[in-house]
2 protein chains.
Amino acid sequence: MNAEEERQAGLAMEGDEDLAGPPTKQELDLNQFLPYRLNSLADRISQALAELYEERYQLNIAQWRVLAWLSHCDELTAKKICAYTNMDKARVSRAIQALEERGLISRTPAPEDQRQQDLHLTAVGRKLLTKLIPEAQAWEAELVATLTAGEYRDLLNVMRKLERQLERIGDKG
Amino acid sequence: MNAEEERQAGLAMEGDEDLAGPPTKQELDLNQFLPYRLNSLADRISQALAELYEERYQLNIAQWRVLAWLSHCDELTAKKICAYTNMDKARVSRAIQALEERGLISRTPAPEDQRQQDLHLTAVGRKLLTKLIPEAQAWEAELVATLTAGEYRDLLNVMRKLERQLERIGDKG
DNA sequence: GCTAGTTAATTTCCTGTGCAACTAATTTTG
DNA sequence: CAAAATTAGTTGCACAGGAAATTAACTAGC
C-alpha cells in the first residue's frame with residue numbers, strides 16, 4: 001500500500017507498522033461509497049473548524065450558526081433559525097440560552113406575538129463576530145486554496161444537484 | 001424569495017407564511033460558506049441513509065461501517081477499523097460489542113498478540129450484508145443519478161483535493 | 001528476569017442532542 | 001365568547017459518542 005492508497009483508505013497514522021493490507025475481497029468498499037466519503041470529509045472539515053470556535057471563543061457549532069445567522073439578518077426568531085439551519089428547535093433553544101447568558105445576544109418578546117422572541121446581537125456579540133468571521137473565512141479560503149475557480153463553482157453546482165435529488169428521495173419521507 | 005432561493009436557504013417547511021425575508025445585511029452568509037454547506041449536505045445524506053440501516057436492520061452508522069469493512073477484508077482488528085474509518089476507539093469498541101451480541105460478527109483473541117482480537121463476519125452477518133449492501137448501493141445510485149459521469153468523477157477529485165488540503169491545514173494539528 | 005514503558009481494547013464520566021411531553025400565547029371553531 | 005386546536009419555545013429523558021482513566025498483554029532496558 002503506497003502513500004496515496006493509504007491516504008485514500010483514510011489512514012492518517014504516524015508510527016504504524018502492522019496496518020498492512022489493503023482490502024482484498026469484493027463486497028462494499030466504503031471508500032468508494034459517496035455517502036461515507038462525503039460524510040467523512042464534512043466531519044473532518046467541521047471538526048477542524050469547530051476547534052476555531054471552541055478553543056478560542058468557547059462556541060459550539062450550534063451557537064456559531066446562530067451567531068452567523070444573526071450577523072446576517074439582525075432580527076430573527078428561534079423558529080426562523082430552525083428553518084434556515086435545519087437544526088432541532090431544542091438545540092437552537094439551548095444555543096440561544098447560552099449565548100444570552102454570555103451576553104452575546106439579547107432577546108425580547110415580539111410585540112406582535114408574545115410567544116416568539118426577537119433576537120439581536122449585542123455590542124459584545126457583534127464585536128466577537130468582527131474577529132471570528134474573518135478568521136473563519138480565512139480558514140475556508142485556505143481550505144479551498146487548491147481548487148480552481150471552475151472546480152469550486154462545479155462543486156457547488158454538484159452539491160446543489162445532490163440536495164435537490166435528496167429531497168426527491170427519502171430525506172424525511 | 002422564490003422556491004429556488006428558498007431551497008438554497010435551507011428552508012424545507014411546508015405550510016409556512018411568515019418566514020419571509022432573505023438575509024439583507026452583509027456579514028457571514030452560512031449558505032455561501034463551504035464548511036457549513038458541505039456539512040449540511042453530508043448530514044442529510046447520512047441521516048437519510050441511516051434510516052435504511054436503522055429502521056430495517058437496527059444498525060447504527062458505526063455498526064454499519066464495521067460491517068462494511070468486514071465485508072471487505074474479513075479479518076480485522078478494532079484498531080485497524082479505527083484507522084480506516086477515523087472513528088474513536090470507544091465508538092468502534094461499542095459497535096463491535098453490539099454486533100457480537102447480535103451474532104453478526106465473532107471475535108477471537110489474535111494468536112500472535114492476545115491483546116487484539118480478530119474480527120470475522122458470522123454466517124448470519126454475511127447473510128445480512130448480502131441483503132443490505134445492494135440496498136445501500138441502490139440508494140447511492142439513486143442519489144447520484146442526476147450527475148453525469150464527469151460530474152461524479154470531478155466531485156471525487158475535488159473531495160480528494162480537499163482531504164489533502166485538510167491534512168496540510170489544521171486537521172488534528 | 002524484573003521493572004518501566006507501550007499498546008489494544010474496555011469502561012467511566014460527561015456533554016450535546018434528538019424526541020416527546022410540556023407551558024404559554026394565539027388562532028380557529030362552534 | 002368559550003373550548004379546541006395550533007404554534008413558539010422550553011424542559012425531561014435517554015442515548016450516542018468523545019476524552020481520559022483503566023485493564024490486560026506485550027516489549028525494551030538494565
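Here is how names work: the chains are called A, B, and so on, in the same order as the sequence lines, proteins then strands, and each is numbered from 1.
- Residues from residues 104-114 of chain A that place a heavy atom under 4.0 Å from any atom of DNA chain D, listed by number: A:Arg107.
- Applying the salt bridge (charged side-chain N to carboxylate O under 4.0 Å, His left out) definition to pairs two or more places apart or across chains, those involving residues 100-110 of chain A are A:Glu100-A:Arg107.
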Anything under 3.5 Å between a protein N or O and an N or O of nucleotides 11-16 of chain C, put it in a table, one pair a line.
residue	atom	partner	partner atom	Å
C:dT12	O4	B:Arg94	NH2	2.5

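- Of the candidates D:dG9, C:dT26, C:dA8, the closest approach to any side-chain atom of B:Arg115 belongs to C:dA8.
- Between B:Lys79 atom NZ and C:dT10 atom C1' there is a gap of 16 Å when expressed in whole angstrom units.
- Contacts of A:Tyr57 classified as ring pair (Phe, Tyr, Trp, His ring centres under 6.0 Å), with partners at least two apart in sequence or in another chain: none.
- A:Ala145 meets the side chain to side chain contact (heavy atoms under 4.5 Å, CB included) test with B:Gln165; sequence neighbours excluded.
- Look at CE on B:Met87: it is 13 Å from C1' on D:dG18, rounded to the nearest Å.
- One can place CD1 of A:Ile61 at 11 Å from P of C:dG18, the figure rounded to the nearest angstrom.
- Taking atom CG of residue A:Asp118 and atom C1' of nucleotide C:dA25, one finds them 15 Å apart after rounding to whole Å.
- What separates CG of A:Leu76 from C1' of D:dA8 is a distance of 14 Å, to the nearest Å.
- Rounding to whole angstrom units, CD of residue B:Gln58 and C1' of D:dA16 are separated by 17 Å.
- Taking atom CD on A:Gln116 and atom P on D:dT7, their separation rounds to 12 Å, with Å as the unit.
- Going from atom NZ of B:Lys80 over to atom P of C:dA8 covers 11 Å, rounded to whole Å.
- The phosphate of D:dT10 has OP1 or OP2 within less than 4.0 Å of a side-chain N or O from A:Gln117.
- Under the salt bridge (charged side-chain N to carboxylate O under 4.0 Å, His left out) criterion, the residue pairs touching residues 142-159 of chain A are A:Glu151-B:Lys161, with sequence neighbours excluded.
- For B:Thr122, the side chain to side chain contact (heavy atoms under 4.5 Å, CB included) criterion is met by B:Ser106, B:Val124, not counting sequence neighbours.
- For the 3.5 Å distance criterion, the side chains of A:Trp69 and A:Tyr84 fail to qualify, holding no donor opposite an acceptor.
- The two residues A:Tyr152 and A:Val144 have their closest heavy-atom pair at CE1-CG1, 3.9 Å.
- With sequence neighbours left out, the side chain to side chain contact (heavy atoms under 4.5 Å, CB included) criterion links B:Arg91 to B:Ile61, B:Ala62, B:Arg65, B:Met87, B:Asp88.
- Residues in residues 108-120 of chain B take part in these salt bridge (charged side-chain N to carboxylate O under 4.0 Å, His left out) pairs, two or more places apart or across chains: B:Asp113-B:Arg115.
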